[in-house]
Amino acid sequence: MLVGQADMSRGVAMLPSRPVLIEADVEHGYWYEVLLYRSAADKSPRLVRSAVLETISRAVQALRIDLRASHVFAVTSQESRRAVQWVNEGFTAARRTLELGKPLGFALRLHTGRITAWSVRPAQFLCLTPFDWCNRSSEHTCATRPLGR
């Protein structure tokens with residue numbers, strides 16, 4: 001992939017005389033989303049969070065953490081029990097589902113009637129930087145989107 005770099009030395013963005021070659025790889029990971037629906041009939045949910053996670057363990061861990069954090073304050077006691085049961089036991093079946101290359105999801109109905117839905121699905125994406133780019137001292141930028149979504 002060829003990418004130009006801006007030259008801001010004169011205060012004007014100009015393309016260099018020679019393009020710079022960078023490498024971009026198609027990676028495999030897990031697309032993690034949290035959506036908030038106003039009701040069961042809502043066709044346009046609000047995106048609360050999305051991330052590309054590199055392993056099944058990280059994807060399941062993210063869902064377990066979200067469920068632990070969210071069920072406490074906003075759901076009925078029945079929904080709270082479902083969330084706790086999934087966090088304590090259901091995650092093993094979720095791990096097997098992802099290992100088979102299948103997507104998974106979990107939803108909770110809030111006291112207000114809104115529904116929070118979590119989903120994790122295997123995805124291929126174009127990664128322009130390594131997963132640990134933000135742990136490095138150099139200045140990288142990351143642009144990841146799932147392919148074939």
Side-chain angles (χ1 to χ4, degrees), residues 1-6 8 13 15 19-149:
M1 176 182 288
L2 297 175
V3 176
Q5 294 179 336
M8 295 299 290
L15 290 177
V20 177
L21 183 64
I22 64 168
E23 187 175 320
D25 293 321
V26 174
E27 298 285 340
H28 298 276
Y30 299 87
W31 188 248
Y32 180 81
E33 283 185 323
V34 182
L35 301 174
L36 181 62
Y37 294 85
R38 290 180 293 248
S39 70
D42 186 1
K43 301 291 186 214
S44 301
R46 181 174 65 91
L47 178 64
V48 176
R49 178 179 321 134
S50 67
V52 174
L53 302 169
E54 66 272 22
T55 65
I56 289 173
S57 293
R58 286 192 183 251
V60 171
Q61 179 185 24
L63 181 48
R64 290 178 78 196
I65 289 169
D66 272 359
L67 286 176
R68 280 188 188 124
S70 67
H71 82 274
V72 175
F73 61 87
V75 298
T76 65
S77 58
Q78 180 182 355
E79 290 290 84
S80 179
R81 282 191 298 276
R82 274 191 343 105
V84 169
Q85 181 180 5
W86 192 94
V87 166
N88 292 336
E89 301 167 8
F91 72 93
T92 56
R95 183 181 302 275
R96 284 192 302 272
T97 298
L98 290 172
E99 287 169 352
L100 293 171
K102 298 179 180 178
L104 67 93
F106 191 88
L108 290 174
R109 183 177 297 276
L110 308 179
H111 282 296
T112 61
R114 292 180 177 197
I115 298 168
T116 303
W118 292 264
S119 66
V120 179
R121 65 181 178 272
Q124 291 182 326
F125 54 93
L126 182 63
C127 188
L128 302 177
T129 61
F131 277 113
D132 63 346
W133 69 272
C134 62
N135 297 331
R136 297 176 181 210
S137 60
S138 62
E139 294 182 23
H140 286 93
T141 58
C142 189
T144 59
R145 293 273 187 211
L147 299 177
R149 182 168 173 192

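Note that these values count all heavy atoms, side chains included, but never hydrogens, waters or copies made by symmetry.
Judged by distance alone, the side chain of Gln124 and the main-chain N or O of His28 form no donor-acceptor pair under 3.5 Å. Using a distance-only test at 3.5 Å, with no hydrogens or angles considered, a donor-acceptor pair links the side chain of Tyr32 to the main chain of Ala62. With hydrogens and angles ignored, the 3.5 Å screen pairs a side-chain donor or acceptor of Arg82 with a backbone N or O of Ala107.
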Subject >> Pair Val75-His111, side chain to side chain contact (heavy atoms under 4.5 Å, CB included): steps then yes or no >> reply: CA-CA 5 Å; Val75 298; His111 282 296; 5.5 Å; no
Original post:
Can Val120 and Trp31 be said to form a side chain to side chain contact (heavy atoms under 4.5 Å, CB included), step by step?
Top reply: CA-CA 6 Å; Val120 179; Trp31 188 248; over 6 Å; no
**OP:** Evaluate the side chain to side chain contact (heavy atoms under 4.5 Å, CB included) criterion for residues Leu35 and Tyr37: first the C-alpha distance (whole Å), next the side-chain angles of each, then the deciding distance (0.1 Å), finally the verdict.
**Re:** CA-CA 7 Å; Leu35 301 174; Tyr37 294 85; 3.6 Å; yes
Considering only distance and modelled atom types, tabulate donor-acceptor pairs under 3.5 Å from the side chains of residues 42-49, sequence neighbours left out.
| unit_1 | atom_1 | unit_2 | atom_2 | d |
| --- | --- | --- | --- | --- |
| Asp42 | OD1 | Arg38 | NH2 | 3.4 |
| Asp42 | OD1 | Ser44 | N | 2.8 |
| Asp42 | OD2 | Arg38 | N | 2.8 |
| Arg49 | NH1 | Asp66 | OD1 | 2.7 |
| Arg49 | NH1 | Asp66 | OD2 | 2.6 |

Side-chain polar contacts of residues 92-106 - donor-acceptor pairs under 3.5 angstrom, sequence neighbours left out - could you list them?
| unit_1 | atom_1 | unit_2 | atom_2 | d |
| --- | --- | --- | --- | --- |
| Thr92 | OG1 | Glu89 | O | 3.0 |
| Arg95 | NH1 | Ser57 | OG | 3.1 |
| Thr97 | OG1 | Ala93 | O | 3.0 |

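Within a 6.0 Å radius of CZ in Arg58, other residues, nucleotides and ligands contribute 12 heavy atoms or fewer.
In this structure the side chain of Leu63 never reaches within 4.5 angstrom of the side chain of Phe91, judged on heavy atoms. In this structure, Val34 and Thr116 have side chains that are in contact, with non-hydrogen atoms separated by less than 4.5 Å.
Note that CZ of Arg109 is 4.0 Å distant from CD1 of Ile115, once rounded to the nearest 0.5 Å. Atoms OG and CD, on Ser119 and Glu33 in that order, are 4.5 Å from each other to the nearest 0.5 Å.
In plain terms, the two heavy atoms of Tyr30 and Pro122 that are nearest each other are CD2-CA, 3.8 Å.
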